[in-house]
2 protein chains.
Amino acid sequence: MKKYVWLMYSMIAGWLFLAQSIEAQSKFQDVMQQRGLSEQDAIAALKVYQPSGKHDEYYVFASGGQSGQVLVYGVPSMRILKYISVFTPEPWQGYGFDTDSKEILREGNVRGREINWGDTHHPALSETNGVYDGQYLFINDKANARIAVINLKYFETSQIVVNPLFKSDHGGAFVTPNTEYILESCQYAAPLTNDYYPMEAYQDTYRGGVTFWKFDKEKGRILPEESFTLELPPYMQDLTDAGKGISDGWGFTNSFNSELYTGGIEKGFPPFEAGCSRSDTDYLHVYNWKKLAELAKDAKNVKIINNHKVIPIDVAVKNNALFLIPENKSPHGVDVNPNGQYIIVSGKLDTHASVYDFKKILQQIDNKEFVGKDSYGIPILDLKKSLHGQLELGLGHLHNSFGKEDGIVYSSLYVDSQIVKWDYKNLKIYDRVNIHYNVGHLEAMEGKSADPQGKYLIALNKLAIDRFLPVGPLHPQNNQLIDIGDKKMELLYDLPIPLGEPHQAASIRASKIHPEVRYPMGTNPKTNQPHIGKTLAGEEHIVRKGDHMYIYATMVRSHINPEHITVNKGDKVTMYITNVERAEDETHGFTIDHHDIHVSVEPGETAQIDFVADIEGVFPYYCTEFCSALHLEMMGYFLVKDPKKDYDWSQKSKIKNLSPAELQEEYKKITANNEATQRVVDALFAFLKENQASKYPTVNNLLEDAKDQYAKILPEKEKATKAYKENNFENAILLENMAWQYLIKTADSAIRAKDLLVNTLASPKSAAAKRGEGAFKEGGCSGCHVVGKVSSGPDVTGVLKRHKNAEQWVAEYVKNPESKFQEPYMKKLIEFFNLKMPNQNMNDQEITDIIEYFKWVDKNADFF
Amino acid sequence: MKKYVWLMYSMIAGWLFLAQSIEAQSKFQDVMQQRGLSEQDAIAALKVYQPSGKHDEYYVFASGGQSGQVLVYGVPSMRILKYISVFTPEPWQGYGFDTDSKEILREGNVRGREINWGDTHHPALSETNGVYDGQYLFINDKANARIAVINLKYFETSQIVVNPLFKSDHGGAFVTPNTEYILESCQYAAPLTNDYYPMEAYQDTYRGGVTFWKFDKEKGRILPEESFTLELPPYMQDLTDAGKGISDGWGFTNSFNSELYTGGIEKGFPPFEAGCSRSDTDYLHVYNWKKLAELAKDAKNVKIINNHKVIPIDVAVKNNALFLIPENKSPHGVDVNPNGQYIIVSGKLDTHASVYDFKKILQQIDNKEFVGKDSYGIPILDLKKSLHGQLELGLGHLHNSFGKEDGIVYSSLYVDSQIVKWDYKNLKIYDRVNIHYNVGHLEAMEGKSADPQGKYLIALNKLAIDRFLPVGPLHPQNNQLIDIGDKKMELLYDLPIPLGEPHQAASIRASKIHPEVRYPMGTNPKTNQPHIGKTLAGEEHIVRKGDHMYIYATMVRSHINPEHITVNKGDKVTMYITNVERAEDETHGFTIDHHDIHVSVEPGETAQIDFVADIEGVFPYYCTEFCSALHLEMMGYFLVKDPKKDYDWSQKSKIKNLSPAELQEEYKKITANNEATQRVVDALFAFLKENQASKYPTVNNLLEDAKDQYAKILPEKEKATKAYKENNFENAILLENMAWQYLIKTADSAIRAKDLLVNTLASPKSAAAKRGEGAFKEGGCSGCHVVGKVSSGPDVTGVLKRHKNAEQWVAEYVKNPESKFQEPYMKKLIEFFNLKMPNQNMNDQEITDIIEYFKWVDKNADFF
């Protein structure tokens, strides 16, 4: 019997041990059942969910395709954090709507023509020793052959360069291991000059190539004068990758039209798609960029086209810097593995992936061992001798991204709609996962760098079909998150892309990115230098120079200075606007109605707008960012009068004015109100000081902001007092009102600071106290009792100290309020509040829990 | 003893019963621990997660603020599904980049000036009897006083109207209960004409108002000629709501500058924010729109300004159609409750919410019981007599959204950063929840309609500060999802807004929205009529009319017809492009490099572009949407030659041609390859037919698409055979290649259809079979064995039928492969594959599980 009892006891202990997690489990099961989630779904949910305020592990930068932008999203939560404007105007950011950003956008003009969009394809992060350094992001525009530089200090586009030779690019941007060069390969062959040649001249006059853009990391700028291009045959160059490790100094570019097919479906010829995929093989271009960079320095090696240095094919060949290797029919991706020895070429129209061995390639080059030359004189290496091996992956193999473990690579299969995990050294397949649907690029974390991180993988799928709620004939695409932390891949999450068509994504650990959250006061973010229009508070002014009006303005919660601007019809107007806020996130926007102007002015930024005031009228201007409770009042009037017109207008209004006595009465009311508000603010500051708010950086930022606002109160009050003494009651009232606004703004920041601090400092609630809080709120107590404050009923803080045997007393009182109404203290309370507490019919458990909650309240009483 | 045993047994049963959920629980706990999730976090995760492919319950339409767009997201997953372009060009959608969408955008020109952005604030869904009907969405542009109509059949902007009087609006769009009118109230007062008047003339010449835009639900269009405006004093009208139920026919608009303050900080006056908040009360405007609409029909009641009917203040007053009621200092939101009796006005600068009772208002109006008139002669009702009551909510009360239960409303507190749940009938507070940070609008599901749904609430917060990974000085805003299904509100999710500043959101049950997923062939989506440039396959052609070239083109996977277009420099070019796909989601994009042109052409759509060919050169054009594996090849050349120039170019290339024998050899190869591919395709079709694919709509759509592609194969093959017979081997090869492309495209759609069908039909795996699948894949088996196919090893399908006592045999073989190598059948296999299966050191449990997996495979063998 004893052992049964022992067993039973141990089981009871087990039961108790499990009871708590079973309770949680039962809640989980309830929600899972209600929402139809399987266990696998639930695990996926837990793997991607970021609780409020918690940051993601990785940044992902994805191209926006035809949206001309770059998307930034967080992994694993798959929440899109920002669209960075690059080739397209975007008014929320003010990009292309203010003078400074327009200048950058207009760097991208092609032959004098404004281009207001781009087709972004391949984002590349700047590298140091082949590893991402988190400083810059580069992106190409396939449609117009351009490259943009994004400064990751501010997440802003800082430069656009136009390729002087190519009419389109696809294989860009790719960087060399120390970001010496950004590689941009041509896509559709065309004459490198701007001349017309007929299609029949394709083989002779159309060319492709790779441009090497010199990048200066210190300045954060591409240096066009130090850049050059390698001319290539019109094979339709496609994707590119730069060598690294043992292949550092080399570049690899594939192609899909070694057939030199020129289409013509309208003339009865089969279309490009048939002609370009006719041959069994195309060419991988292999070139030594370090040697080419040396060659480009000598004028005799280059021809100049459109003011740009071009190394002709024959010069590259003569100097042993350019070679071809056959690759299976119309491949797509070309990816160099982390140590640089292997180059994987995707079999777009072939079920095989080809793994080339750079050592084998170099050996043939060193031995001058070629199987022939192409029609343009470029030596061709033997395919089989260059290969490490091939592996059948499936239909529509497009791209590759490397895992953390040696030899592991993930590949996308467009037609099979799968991701394949395989070993490119041992040529073995480990796993497959279905995606939805038709994956193009894929990105394992930092999977194209020399230091891949594994863990997560993104499949950038092209078609979503029915995966999401329907939104009309233009569907979002589907970027899927896959867990690759274990042997078996696991699909976690579907992210619809609401704007744009991401092609490629580049990911980086969050710890490597260090953006600024505000600008040094008066900065032009496009140059990162002080703006010529920098204006501090108190320096606002308007200057006329002939027919050109210059307005130096500031914005701060919640007014714009100046509030009236009157100009003549036909005047040129330049307006400089400085956001003089120091608080994080206190962005202001500025527009003048009917003028097609919008700027976003971040804290510390100075923005510039230029326009001609060519229509008469009265045009409100206002802050477009909801920046404070007084946001709507943050406005002014831009008035355009016609100097040729005679305006006759006479005062007709009969709005009555207040008498001096009435004004004095109003003044007293507002000052009394201000004193009351002041006491609230002082209490907030005292609380923040006592609890050492300044020790916590984010809390301290808010406290500093509150202090900034607070500092503005005294000058307003002094002006008010002065006005009052001068019997200008009208102004005294308004100035006291202004002081009140600053009190409210001080309170706004200070309340946020206090809430953050309380969250940081308050002791955690026990399970019972949490239940008690629920019962307190749901049971009706909170209708009259507010913690920390006298409301329709007394403050419950300290109730456990106000009575003898307080816990018992409170329990009895809640259970049966009438039983205590005759106690003298209670009689007074009832008289004071003119209310008797009703019986809320709490059960014993609820009462016990509420007392636990009151204990927690008392323990943390300082926070209320 | 017996009862101990009984107890013990029952506990063991309990244990066993729990064992499975405990196993799941332990997995949950592992992930929670790794990711630092609390139990509350985990519950929230389960409440918001949508498994791959599952649809959300609600659509939310949020304004994009200064982005000029509308965001659509799903609830509860909080995934943004689409940005709908409205007032801003956007190239992904081609909006503003093609001729038809430019026409809509240009409807929004103001006084001849192009406006390329907007400040969208308040989306409104069309209503029938006060309930959302899912047909249209309306949105205002505060910066330029415009209203846009979005057709929810296609999720496209279909109309923009410019307010002829106002310079800005804020209180728009709001609809009357049957969408008879869309209400747009002015914000910043200005002269209603386009004339200049100085600030001193504010009281006399500046005016506000409310415009009533007549809407025709059948046509889906605003009818400007049947619309009119009510003139109002320059009180800075703010938000508006239309009455419903017992207040149907009435409208309510609040204001924040009854002080008629005109600012002038640059002259030493206190700023607007001080002057506009000086008085203790402002005015709620109450008007009878049904009466006003009648009045507007008679010319003697209106004055015409800018070709638009305006009812002057005195006419409205004389006809008992306009009244004022005081409201607490500078309020913000005004919201009519579901049955129309109560109107809640938010106390932006007052801690109280005011609940007005429409019955009390009407009684005073009927009794002509007024406390006075304002300076403009409008009768004023008594505040206290109009109020149902007031309740102290907290600091910065901005907006309200109604819950499902009678009397329940949720309100946002901007300064306190909270949502408050309260009872506007009994004036009691039930619950508060902290949000992060500074909430503006909020939206409980369908919370502004006559039929609120409760369940979820969105807080549209203005500041995010540190909630997300930093992305530079311009932060995303934070829209938070709150569970309001229980008594106590629960914060579930933070959604960063990557582009734009949402102000208000309108939500609707998913079941009420029925968008089309493709267009009838040749549709102009901007008019929903057949396009004048509609072109079907085979109808492509180019016409010159003088110096104007008309190109009728089609796009289909994966070619554009025509592929060559040659024009003279200076020619005008009109191009019509029809996407002749019938498959859902098979969007194509079109651009001509260097021409700032981009269109998105959805299946069935015809798009038009117009431009002047003013620069010489060779410009590739291509499909910008990755539409198939042959996407890169979907291109052509736009050639612009200068008719004044003499082009001399002579053939220099020496590309060698293949001999007839070599060509015949190539032809044989490609036809053999096509036959092999054909067999794969036939097998796919057979599978789909056998399993009745056509019974499942989404699968059937894919099958139909596959058949469409398949139908194109035979004509190509016939042309190829003909060419071959004519000894045109070159073309025969190309045409067979084209046939191959169609085979691949057929396979692409058919594979997706098969995968979907298998997911639908396959029997679910047992837990053991799932484990077995894991062991099979992770243990190395899948390196050689592929289910359903012979790979480096035999197909495992049917292995349990190929051997006697198969389960035992397989178990032994896996445990000790060598033991079976001498069996005659195995000897043959080893010879065939030239491989011996290695010992993967599986344990007994894994082996048992793998056998369970094999059973599942056999049961579903038809699907592989």
field: Winner by heavy-atom pair count (cut-off under 4.5 Å) against chain A, out of B:Glu540, B:Lys167, B:Met738, B:His475
entry: B:His475
message: With a 3.5 Å distance limit and no angle check, can you tell me whether A:Asn194 reaches the backbone of B:Gly617 through a side-chain donor-acceptor pair?
response: no
- prompt: Under 3.5 Å, is there a donor-acceptor pair between the side chain of B:Arg752 and the main chain of A:Ser417?
  reply: no
query: Measuring heavy-atom distances to chain B, does A:Ser600 have an atom under 4.5 Å in its side chain, in its backbone, in both, or in neither?
result: side chain
message: Looking only at heavy atoms and a cut-off of under 4.5 Å, which of A:Gln93, A:Glu114, A:Lys348, A:Met634 has the most pairs with chain B?
response: A:Lys348
- request: Please report the closest heavy-atom contact between B:Ala464 and A:Asp585, naming both atoms and the distance.
  value: N-OD2, 2.8 Å
Side-chain donor or acceptor of B:Glu273 paired with backbone N/O of A:Ser558 under 3.5 Å: yes
query: Under a 4.5 Å heavy-atom cutoff, which of B:Asp56, B:Asp431, B:Leu735 has the most pairs with chain A?
result: B:Asp56
Chain B contact via A:Ile465 - which portion, at a heavy-atom distance below 4.5 Å: both
query: Non-hydrogen atoms of chain B under 4.5 Å away: do they reach the side chain of A:Phe626, the backbone, both or neither?
result: both
statement: Sorted by chain and residue number, the salt bridge (Lys or Arg N to Asp or Glu O under 4.0 Å) partners of A:Glu616 (sequence neighbours excluded) come out as A:Lys645
- prompt: What residue, out of A:Ile115, A:Asp748, A:Ile265, has the most heavy-atom pairs lying under 4.5 Å from chain B?
  reply: A:Ile265
Largest heavy-atom contact set with chain A, pairs under 4.5 Å, which of B:Asn144, B:Leu37, B:Val110, B:Val72: B:Asn144
task: Below 4.5 Å from any heavy atom of chain A, which atoms of B:Thr624 appear? Answer side chain, backbone, both or neither.
output: both
query: Quick one: what part of A:Asp416 sits under 4.5 Å from any heavy atom of chain B, side chain, backbone, both or neither?
result: both
- request: Please confirm whether the backbone N or O of B:Pro470 pairs with a side-chain atom of A:Tyr59, one donor and one acceptor, at under 3.5 Å?
  value: yes
message: If I measure from the heavy atoms of chain B, does A:Thr88 come under 4.5 Å with its side chain, its backbone, both, or neither?
response: side chain
task: Check each atom of B:Ile751 against the heavy atoms of chain A and say whether the ones under 4.5 Å are side chain, backbone, both or neither.
output: side chain
task: Between chain B and each of A:Ser67, A:Pro476, A:Ala143, count heavy-atom pairs under 4.5 Å; write down the option with the most.
output: A:Ala143
query: Non-hydrogen atoms of chain B under 4.5 Å away: do they reach the side chain of A:Ser277, the backbone, both or neither?
result: both
field: Heavy-atom contact with chain A under 4.5 Å, split by part of B:Phe468
entry: both
- line: Nearest heavy-atom contact between B:Leu46 and A:Met32 is CD1-CG, 4.1 Å
message: So which residue, A:Thr591, A:Leu495, A:Thr587, ends up with the most heavy-atom pairs under 4.5 Å with chain B?
response: A:Thr591
query: So, A:Arg113 side chain and B:His594 main chain: donor-acceptor pair closer than 3.5 Å or not?
result: yes
query: Given the options B:Phe256, B:Tyr196, B:Phe155, which has more heavy-atom pairs under 4.5 Å with chain A than any of the others?
result: B:Tyr196
query: Would you say B:Asp596's side chain and A:Asn116's backbone share a donor-acceptor pair under 3.5 angstrom?
result: yes
- request: On the 0 to 90° scale, with breaks at 30° and 60°, tag the B:Trp117-A:Phe97 ring pair as parallel, tilted or perpendicular.
  value: perpendicular
message: Between B:Tyr49 (side chain only) and A:Ile43 (backbone N and O only), is there a donor and an acceptor less than 3.5 Å apart?
response: no
query: If you count heavy-atom pairs under 4.5 Å between each of B:His55, B:Lys47, B:Glu602 and chain A, which one has the most?
result: B:His55
field: Residue among B:Arg278, B:Glu625, B:Met199, B:Arg79 with most heavy-atom pairs under 4.5 Å to chain A
entry: B:Arg278
query: Does B:Glu563 use its side chain to pair, donor to acceptor, with the backbone of A:Gly263 at less than 3.5 Å?
result: no
message: Using a 3.5 Å distance criterion without hydrogens, assess whether the side chain of A:Tyr188 forms a donor-acceptor pair with backbone atoms of B:Leu632.
response: yes
message: Is A:Val471 close to chain B through its backbone or its side chain, or both, or neither, when contacts mean heavy atoms under 4.5 Å?
response: both
